[in-house]
Visitor: 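Please find one structure pasted underneath; my questions will follow.
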Amino acid sequence: MKIIQKDGAVVDCPEDMELEVIRHTCAHTMAQAVKRLYPEADFGYGPATEKGFYYDIDMGDTKLTEDDLPAIEEEMRKIVKENLPIRPSILPRPEAIALMQERGEKYKVEHIDDLPEDAEISFFTQGEYVDMCTGPHLRYTKALKAFKLTSISGAYWKNNSENKMLTRIYGIAFRNQTELDEYVKMMEEAEKRDHRKIGKEMDLFMMRDEAPGFPFFLPKGMDLYNALLDYWHEIHREAGYLEAKTPLIMNRHLWETSGHWDHYKDNMYSTKIDDEDYCIKPMNCPGGVLVYSRKPHSYRDLPMRIAELGVVHRHEMKGALHGLFRVRCFTQDDAHIFMTPEQITDEIMGVANLIDKVYKKFGFDYFVELSTRPEDSMGSDEDWENATNGLITALNKLGLDYIVNEGDGAFYGPKIDFHLRDCLGRTWQCGTIQLDFQMPINFNLEYIDADGERKRPIMIHRVCFGSIERFIGVLTEHFAGKFPTWLAPVQVKVLPVSEKSHEYAEAVYQKLFDLGVRVENDERGETIGYKIREARQIDRVPYMLILGEKEVEAGMVSVRSRATDKTTTMTLDEFCEQLLEEIRTRA
């Protein structure tokens, strides 16, 4: 695929850049279509993204809705059919400003003002449309083969809530129609699996206008939540972790010492207590540090692995909130490991193996990303180099391939992120390992070495699930609500065919309940067919016990499996034995 750069050079496009160039060109074409249909439109930013493209547009008094997208898309197709050449140009700063002012592009003028004085200001022109852009682009509009506009939302100019709210139009674009059709099919399946929809159907959780971004977990949702935490407790006990619980609110001085106040205060909720500033914790780590520092430690105490299921609060923009995926209050399955420098590699490998075990349990594969030092970091070059090398050494020993994400580490240290893939191929960043040389310095943490000298421990921050709430959202969509039996909010539904089997159904229910099974007895006067469909399609129950007169007389149960949709008759004891083994092994 040939592309044109801002200097006019025509070059072969690297394969890994093809989609980005296609989508960026498509964003320009969409803007041109919007300008033709709505001449008053004023354009902000229009980048390609990992999943498609968007453009932020000031529509003046016009209120676009998704009903307007087909007309814009049709105009885009006309532009493609016109096969307009796409031509770059570079202008001196005064001429660039004059051009944008002449065309009424006030946001582009403001963007030029934000650029360095010596910045080259390049433009790409297709037909009557001119856009300020660094490129590269396709050479002709006809090279756009497959695209679709998908949605509309609001977005503040420069992502600043004090600025005007613009209209953001989203779209997708691919190399060919087959790729687009596959993506659309995947998105349709994703819509069916939307955890917000399934959560409502299964009565797992809810969101309320009275508490935006603060999820309510309902009784069945808590059954799922607690089953997940039971597994968490078990694997952490086996891995040698101790558990602690730290306060939800701590004073501002703590967060200044940790460095969070300078780097994170805009995302923190605060209050006053006894005329002092206090913060609701956005992270658990400073509390974990105080747990370590409560008494002197010897090298024999290390590594010390302190786990915490800590509730944290972070202020997210209202427009960014999304079900359980982006909330303002969530539980992190945190742990902080304090260790000697010699223990770094083994501890990182231990955490990576634990995360691998968890993801395999749920059927996820994953890829690994190493994030390096950001611009607003704390600490010396030497500490950052040692920390980064420690992570690389562990990854190499584990034989894990990884992608380097330059400059995306935490402000106190580099990190390894685990991006899991669900059954639709979507990726989610959940597990993370962060190596921290800074917080032990900030809090003056120590241990006594074998030679009797005071030494500084190294600290690991890590999560497996990440956010419990977000992980439940991911699991819900991955399994489409059909959770494994050990996780299912309702594991068995007892379905009596008629009133004649109610007494037997109650006895069956009671036995399962006494064994600790999450069981419901549906004695409603609905038909058995209706009960089965509801249990299978809405409640997504792994097992249904259908009890009619034959089962009552024989003292048997007819077991309908969600997995096979087949019915098998057996004794209640046989069913209980099989069920309990499936739950025990978390199959």
Side-chain angles (χ1 to χ4, degrees), residues 6 22-49 52-91 93-115 121-135 137-144 147-160 163-173:
K6 66 181 180 180
I22 289 169
R23 288 166 177 172
H24 200 172
T25 304
C26 213
H28 281 212
T29 303
M30 179 184 72
Q32 184 177 10
V34 170
K35 192 71 173 176
R36 286 183 177 184
L37 296 172
Y38 306 93
E40 73 281 6
D42 193 358
F43 298 93
Y45 295 124
T49 67
F53 62 89
Y54 68 81
Y55 222 120
D56 291 341
I57 309 169
D58 185 345
M59 296 299 300
D61 295 330
T62 302
K63 301 295 183 186
L64 284 186
T65 71
E66 293 191 5
D67 291 338
D68 298 307
L69 295 184
I72 299 172
E73 200 173 299
E74 181 58 31
E75 191 64 33
M76 291 173 67
R77 298 192 191 287
K78 292 179 183 177
I79 294 168
V80 169
K81 194 172 181 180
E82 291 169 19
N83 197 22
L84 301 173
I86 300 173
R87 305 186 190 283
S89 58
I90 296 174
L91 292 178
R93 191 184 196 92
E95 292 182 31
I97 292 173
L99 175 64
M100 290 294 96
Q101 287 175 336
E102 178 186 341
R103 299 181 67 87
E105 298 283 2
K106 63 178 181 289
Y107 295 101
K108 301 292 186 184
V109 172
E110 186 177 336
H111 183 36
I112 292 173
D113 289 339
D114 293 338
L115 297 175
I121 302 173
S122 55
F123 297 86
F124 282 79
T125 301
Q126 52 192 66
E128 79 286 357
Y129 181 73
V130 181
D131 205 338
M132 188 172 75
C133 176
T134 58
H137 281 278
L138 301 175
R139 293 186 297 156
Y140 300 92
T141 57
K142 199 171 183 179
L144 291 173
F147 55 85
K148 182 179 178 62
L149 301 185
T150 55
S151 63
I152 289 179
S153 70
Y156 292 111
W157 169 237
K158 294 183 177 178
N159 200 31
N160 185 337
N163 291 335
K164 184 172 183 178
M165 175 75 77
L166 305 182
T167 298
R168 176 172 290 183
I169 304 177
Y170 289 95
I172 52 175

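Only heavy atoms go into these numbers, but all of them, side chains included; no hydrogens, no water, no symmetry mates.
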Visitor: CD1/Ile79 to CG/Leu144 distance, rounded to the nearest 0.5 angstrom?
Guide: 10.0 Å

Visitor: To the closest 0.5 Å, what do you measure between OH (Tyr170) and CZ (Phe53)?
Guide: 12.0 Å

Visitor: Among Asp42, Ile169, Thr62, Leu166, exactly one meets side chain to side chain contact (heavy atoms under 4.5 Å, CB included) together with Ile57. Which residue is that?
Guide: Ile169

Visitor: Should Met76 and Cys26 count as side-chain neighbours, where that means a heavy-atom distance under 4.5 Å?
Guide: yes

Visitor: Can you name the closest pair of heavy atoms from Pro88 and Phe124 and give their distance?
Guide: CB-CE2, 3.6 Å

Visitor: Output yes when a side-chain donor or acceptor of Arg168 lies under 3.5 Å from a complementary backbone atom of Ser153, and no otherwise.
Guide: no

Visitor: What I'd like to find out is whether the side chain of Val34 reaches to under 4.5 Å of the side chain of Met59, using heavy atoms alone.
Guide: yes

Visitor: List the steps and the verdict of salt bridge (Lys or Arg N to Asp or Glu O under 4.0 Å) for Glu128 and Arg36.
Guide: CA-CA 9 Å; Glu128 79 286 357; Arg36 286 183 177 184; 2.8 Å; yes

Visitor: Decide yes or no for Asp58 and Lys106: does some side-chain heavy atom of the first lie under 4.5 Å from some side-chain heavy atom of the second?
Guide: yes

Visitor: Do Val80 and Phe147 come close enough that some side-chain heavy atom pair is under 4.5 Å?
Guide: yes

Visitor: What pair of heavy atoms forms the shortest contact from Ala48 to Arg23, and how long is it?
Guide: CB-CB, 3.9 Å

Visitor: Determine whether more than 12 heavy atoms belonging to other residues, nucleotides or ligands lie under 6.0 Å from atom NZ of Lys148.
Guide: no

Visitor: So how far is it from Met132 CE to Arg103 CZ, rounded to the nearest 0.5 Å?
Guide: 13.0 Å

Visitor: Examine distances only and state if a side-chain atom of Lys6 and a backbone atom of Cys133 form a donor-acceptor pair shorter than 3.5 Å.
Guide: no

Visitor: Mind telling me whether Tyr45 and His111 have parallel, tilted or perpendicular rings, with 30° and 60° as the class edges?
Guide: perpendicular

Visitor: Spell out, as yes or no, whether a donor-acceptor pair under 3.5 Å connects the side chain of Gln126 to the backbone of Leu84.
Guide: no

Visitor: Salt bridge or not for Lys78 and Glu82, using N-O below 4.0 Å?
Guide: no

Visitor: Quick one: NE2 on His137 to CD1 on Ile86, what's the gap to the nearest 0.5 Å?
Guide: 7.0 Å

Visitor: Quick check: does any side chain N or O of Arg93 sit under 3.5 Å from a backbone N or O of Ile112, one acting as donor and the other as acceptor?
Guide: yes

Visitor: For Asn83, I'd like to know if atom CG has over 12 heavy atoms of other residues, nucleotides or ligands within 6.0 Å.
Guide: yes

Visitor: State, with a plain yes or no, whether a side-chain heavy atom of Ser151 is found less than 4.5 Å away from one of Glu66.
Guide: yes

Visitor: Could you tell me whether the side chain of Thr141 reaches within less than 4.5 Å of the side chain of Tyr129, counting heavy atoms only?
Guide: no

Visitor: Please check if the number of heavy atoms outside Arg87 that lie under 6.0 Å from its CZ is greater than 12.
Guide: no

Visitor: Would you tell me whether Tyr107 and Asn163 have side-chain atoms, one donor and one acceptor, within less than 3.5 Å of each other?
Guide: no

Visitor: Is any side-chain heavy atom of Leu64 closer than 4.5 Å to a side-chain heavy atom of Ile72?
Guide: yes

Visitor: Does Glu110 form a salt bridge (Lys or Arg N to Asp or Glu O under 4.0 Å) with Lys164? I'd like the steps, not just the answer.
Guide: CA-CA 13 Å; Glu110 186 177 336; Lys164 184 172 183 178; over 6 Å; no

Visitor: Rounded at 0.5 Å granularity, tell me how far CG in Leu149 sits from OH in Tyr54.
Guide: 15.5 Å

Visitor: Can you tell me how far the CE atom of Met165 sits from the CG atom of Asp56, to the nearest 0.5 Å?
Guide: 10.5 Å

